[in-house]
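Below is one structure, written out as structure tokens; the observations come after it.
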Amino acid sequence: MAGFEPGDETPSVLLRELLGPAGTRPLGEEPKHLSDVADDGTPVEFSIAFDDDGALAVRVLGEAGSDNLGDRGSIAAGKRFLNAVSKRFHIPTERFAAVADLFLPDRPQGKFAVWFSLILRPRARPRLKAYFNPEVRGRDRAKDLVLEGFRRLGLDHAYDAIARHALVRGARDRLSFFAVDLDDSPLSRVKLYVSHESALTADAERAASVVQGADPLRVRGFCQALGGGTTTFAGRPLVSSYSFVEAEPDGPGTYSLYLPVRDYVPDDEVARERVGAFLAGHGLPTDTLDKAIGAVTDRPLQSGVGLLAHVSLRLGPFGSGTTVYLSSEAYGVTPPRGPADTVGSGVINSAIAP
């Protein structure tokens, strides 16, 4: 589907290392730890990135598996995973080490402590990204942790631009992820994610406007196409992310908007229609989307909602594209919604929002 050689075992090796003990548990058994990566507690989520230039990447977001319950066990498992794969695949860990003591305390708070993204492209060395929780020491300390993280990574003024464009609605704009690419390329990214509770499309347009080349009209079209007429995104929130790279130290080089499409559709058949229409409208291959869906499940799309979890739009001078995120649904399928679960604007009933 994405051009990997038949004998390339790199993806399966990385996934086995990431899952750890969780990968050997039968799916008929309850998971020892309900991960927040996916709605059903599965510790992995798959995605396929469609670059506007035609390139494809397969990615896996995951929480390292452990036999020990709780986030302390997850932190230990994350360090075990990184130690194992960094040696085997020659992955630099200096950036992880630079901020680990900030974001990985002895008594972590929140829904997670550390996740990893595996970025896999044909005939290329695998890349890793580490995600940290800014609220891991409490929500009131999130800003301080992010500021110090940027400082340690040589981006002292990165936070200011984000604050002016994405953190303007008080408690409704939250710092949700701080992420670092684990490589030493000049385009290696440091990323900050902001969740926008009950946001309007205009809020996302404003958030995007700080990045050169991030056309607010494309953001508007994306929200309209995937949101299906939603005016206020009152379910799971829209999420903005900003990428800072060494090649562009004066401001974020890329803006991405993540739309949790599963909260704004009755079922996955409707989600597939919206995502497919958006891809086709931008000259991207819908057959690749269908192959990816078929690789994950064979259930009828109208029988559940959440397989197509969210979609992101990436804009800016360092690459643009669309990414579709797929849940494995390993432990369960969320039933489709009926008319009572959706109001006319496309906003889902708050009873089924997280």
Notebook entry, point to check: Taking atom types as modelled and ignoring hydrogens, do the side chains of S327 and E45 form a donor-acceptor contact shorter than 3.5 angstrom?
Noted result: no

Notebook entry, point to check: So do the side chains of R121 and D51 get within less than 4.5 Å of each other, counting heavy atoms only?
Noted result: yes

Next item on the list: Starting at CZ of R107, measure out to CD of Q109 and round the result to the nearest 0.5 Å.
Entry: 11.0 Å

Check: What do you reckon, is CD of E148 surrounded by more than 12 foreign heavy atoms closer than 6.0 Å?
Finding: yes

Next item on the list: Please check if any side-chain donor atom of S241 sits under 3.5 Å from a side-chain acceptor atom of Y255, or the reverse.
Entry: no

Notebook entry, point to check: Parallel, tilted or perpendicular: which describes the rings of F233 and Y264, with under 30° parallel and over 60° perpendicular?
Noted result: perpendicular

Check: Which distance, rounded to the nearest 0.5 Å, do you find between the CZ of F150 and the CG of L145?
Finding: 12.0 Å

Notebook entry, point to check: Parallel, tilted or perpendicular: which describes the rings of W115 and F177, with under 30° parallel and over 60° perpendicular?
Noted result: tilted

Check: Relative to each other, are the rings of Y325 and H310 parallel, tilted or perpendicular (30° and 60° limits)?
Finding: parallel

Check: Do T334 and R262 meet the criterion of a side-chain donor-acceptor pair at a distance under 3.5 Å?
Finding: no

Checklist line | Polar side chain donor-acceptor pair, S243 to T254, under 3.5 angstrom | finding: no

Check: Do side-chain atoms of D290 reach the backbone of I293 as a donor and acceptor pair under 3.5 angstrom?
Finding: no

Margin query: Could you measure the distance from the CG atom of L14 to the CD1 atom of I119? Nearest 0.5 Å is fine.
Written below: 11.5 Å

Check: Going from CG on L289 to CZ on R272, what distance comes out if it is rounded to the nearest 0.5 angstrom?
Finding: 5.0 Å

Margin query: Does this structure show an ion pair linking R151 with D156, if we count only N-O contacts that are shorter than 4.0 Å?
Written below: no

